[in-house]
2 protein chains.
Amino acid sequence: MPSLAGFTATAALLADPARSAMLHALLGGEALTAGELARIAGIAPPTASGHLAQLLAGGLVAVHRQGRHRYHRLASEEVAAALEALGCLAALADGAAPRRRAWPHGEAFRTARLCYDHLAGRLGVGLHARLTAGAWLVPAPGGWRLSGEGAQRLAALGLDLDAARRARRFACDCMDWSERRPHLAGGLGRALAQALLRQGWLRRAAPRADDPFARRRLAPTPEGARVLREAFGLDLAA
Amino acid sequence: MPSLAGFTATAALLADPARSAMLHALLGGEALTAGELARIAGIAPPTASGHLAQLLAGGLVAVHRQGRHRYHRLASEEVAAALEALGCLAALADGAAPRRRAWPHGEAFRTARLCYDHLAGRLGVGLHARLTAGAWLVPAPGGWRLSGEGAQRLAALGLDLDAARRARRFACDCMDWSERRPHLAGGLGRALAQALLRQGWLRRAAPRADDPFARRRLAPTPEGARVLREAFGLDLAA
DNA sequence: GGGCCGCTTCGGCGGCGCGCGAAGCCGCAC
DNA sequence: GTGCGGCTTCGCGCGCCGCCGAAGCGGCCC
């Protein structure tokens, strides 16, 4: 059973406007740099740095260095769950109708979504697992490279592999926030997402003013579900 | 979507040791007076009064006057959910094993438990509903009184109705925290709980040092489940 | 009615922590 | 190497909030 001190310390981390603005920005699942988070929270970089250090020490965010940038993301799904529960409570107190999910990042968001320009959610994680398990992708310095069979089969799905190879990184892992396992980023991840969207196998949700994350939500079309099952053995309903 | 200000205001309510001690004390589902909560939190009555006013304004607790006492309870199940989610998070940050339920007031606790000396949870609420719907209990000033048939059938179950009538209040409602509907309190509620326990139809869980609420948890024996079904049409599994 | 008791309101004190600017560190680009 | 830009550490000021004692209000009991 957690100590009361730990409980209040964690709650205190959420009780500051700047910190909670940062956390809510990270709810989308993308990793953001300290500077971006400072701008979002409307505070100076030194202040943001201090807040992020606290969130890190409190285990609410995790950090990931990349060059001179430091990317921050939510540390675990429990953080998102706590934010959601508290948000639900605050909405009730505001006199809002007693809705159960105050945040729109529910189950639908975890099935398939865009992370930057590549695929995330169960779809992204499942593809990563399938491509590596089937040796379509094989380890390479700094990430992955395509095997001969992998290149052939992905090209057959309409991926622009030449464009993918021109990217700064061809294929690397990106930690999936909701699944806690990696999905595929880099030029290949981008090419994969573009191909599935271009062929009409995935469809983007319509942007909504009241939901800044709607534009990143994805859903497979019936035809797309068939292709994913046949080509990769993926069943998103599972 | 709730405002960020509301979110931080709610989180701030949880970020104080005294307030969160009070809320965790209320997690058991009993309504407690301001004085009891002050003692639990280890603060002076005026300080507790201020905190309770804040929790009330923030919609986290509800209050219920009875004579010169003011009984406080959690305002909604969402409050308990948020406390649990945050507690889970704090336990993770404390380096604990990533358990999912940090608080033991899960489903089992909602099935059947003692509230002071009477029955609560689905069992208590179900009995209340059955007794009133079947006109075993009929409205009376300040609560309920037994109808002739009600008295006969409850006496047949072994209730000490004379002792019940000697209580300050014979039968009145007590709001059930987990079910949001009333269960039966007063002398009759006490007599009911005692009879079911004495006959071995309900069994109390063993006290546990790491779980202050274990001693209030109840479970029907197989024989008890049969009696509850036959006498009241209650099926706790439902 | 008198006294007690539970609870609240008021006023003043003290400390935690949020905020920023200035300065320093480090990786990258030219 | 040199310069730039992202980020952190340091130091200080200020405001918010928790804390209590004293006093006031209202219900209850003898």
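All values below were derived from every heavy atom in this structure, side-chain atoms included, with hydrogens, water molecules and symmetry-related copies excluded. In this text the structure is predicted, and so the values were computed from the model without any measurement. Letters go in sequence order (proteins before strands), and every chain restarts at 1.
- OP1 or OP2 of C:dC18 has at least one side-chain nitrogen or oxygen of A:R19 nearer than 4.0 Å.
- Checked against C:dT8, D:dC20, C:dG19, the side chain of B:I43 finds its nearest nucleotide in D:dC20.
- Side chains of A:L202 and A:L123 form a contact here, defined as non-hydrogen atoms less than 4.5 Å apart.
- Between B:Y71 and B:H64, the two ring planes are tilted [angle within 30° to 60°].
- Regarding B:H64, its NE2 atom lies at a distance of 16 Å from the C1' atom of C:dG6, rounded to whole Å.
- For the pair B:L32 CG and C:dG6 C1', the interatomic distance rounds to 15 Å; values are reported in whole Å.
- Straight-line distance from the NE2 atom of A:H69 to the P atom of C:dA29: 9 Å, rounded to whole Å.
- Residue pairs meeting the salt bridge (Lys or Arg N to Asp or Glu O under 4.0 Å) criterion with at least one partner in residues 182-198 of chain A, sequence neighbours excluded, are A:D117-A:R190.
- Between the CG atom of B:D16 and the C1' atom of D:dC17 there is a distance of 9 Å, rounded to whole Å.
- In this entry the distance linking CZ of B:R68 with P of C:dG6 reads 6 Å, nearest Å.
- Closest of all the heavy-atom pairs between B:A82 and A:A85 is CA-CB, 3.8 Å.
- Within a heavy-atom distance below 4.0 Å of DNA chain D, the residues of residues 48-57 of chain B found are B:H51, B:Q54.
- Of all heavy-atom pairs between A:L14 and B:F7, the closest is O-CE2, 3.9 Å.
- In this structure, A:L131 and A:L146 have side chains that are not in contact, with every pair of non-hydrogen atoms separated by 4.5 Å or more.
- Checked against C:dT9, C:dG19, D:dT9, the side chain of A:P46 finds its nearest nucleotide in D:dT9.
- Across the protein-nucleic acid pair, B:Y71 atom OH and C:dC7 atom P stand 9 Å apart, rounded to whole Å.
- At the phosphate of D:dT8, OP1 or OP2 sits under 4.0 Å from a side-chain N or O atom of A:R70.
- The aromatic rings of A:H183 and A:H118 sit tilted, their planes meeting at an angle between 30° and 60°.
- Contact between the side-chain N/O atoms of A:T47 and the OP1/OP2 oxygens of C:dG19 is not found at any separation under 4.0 Å.
- Nearer to the 5' terminus of DNA chain C, by closest-nucleotide assignment, is the contact made by A:P17 (compared with the other of A:P17 and A:R65).
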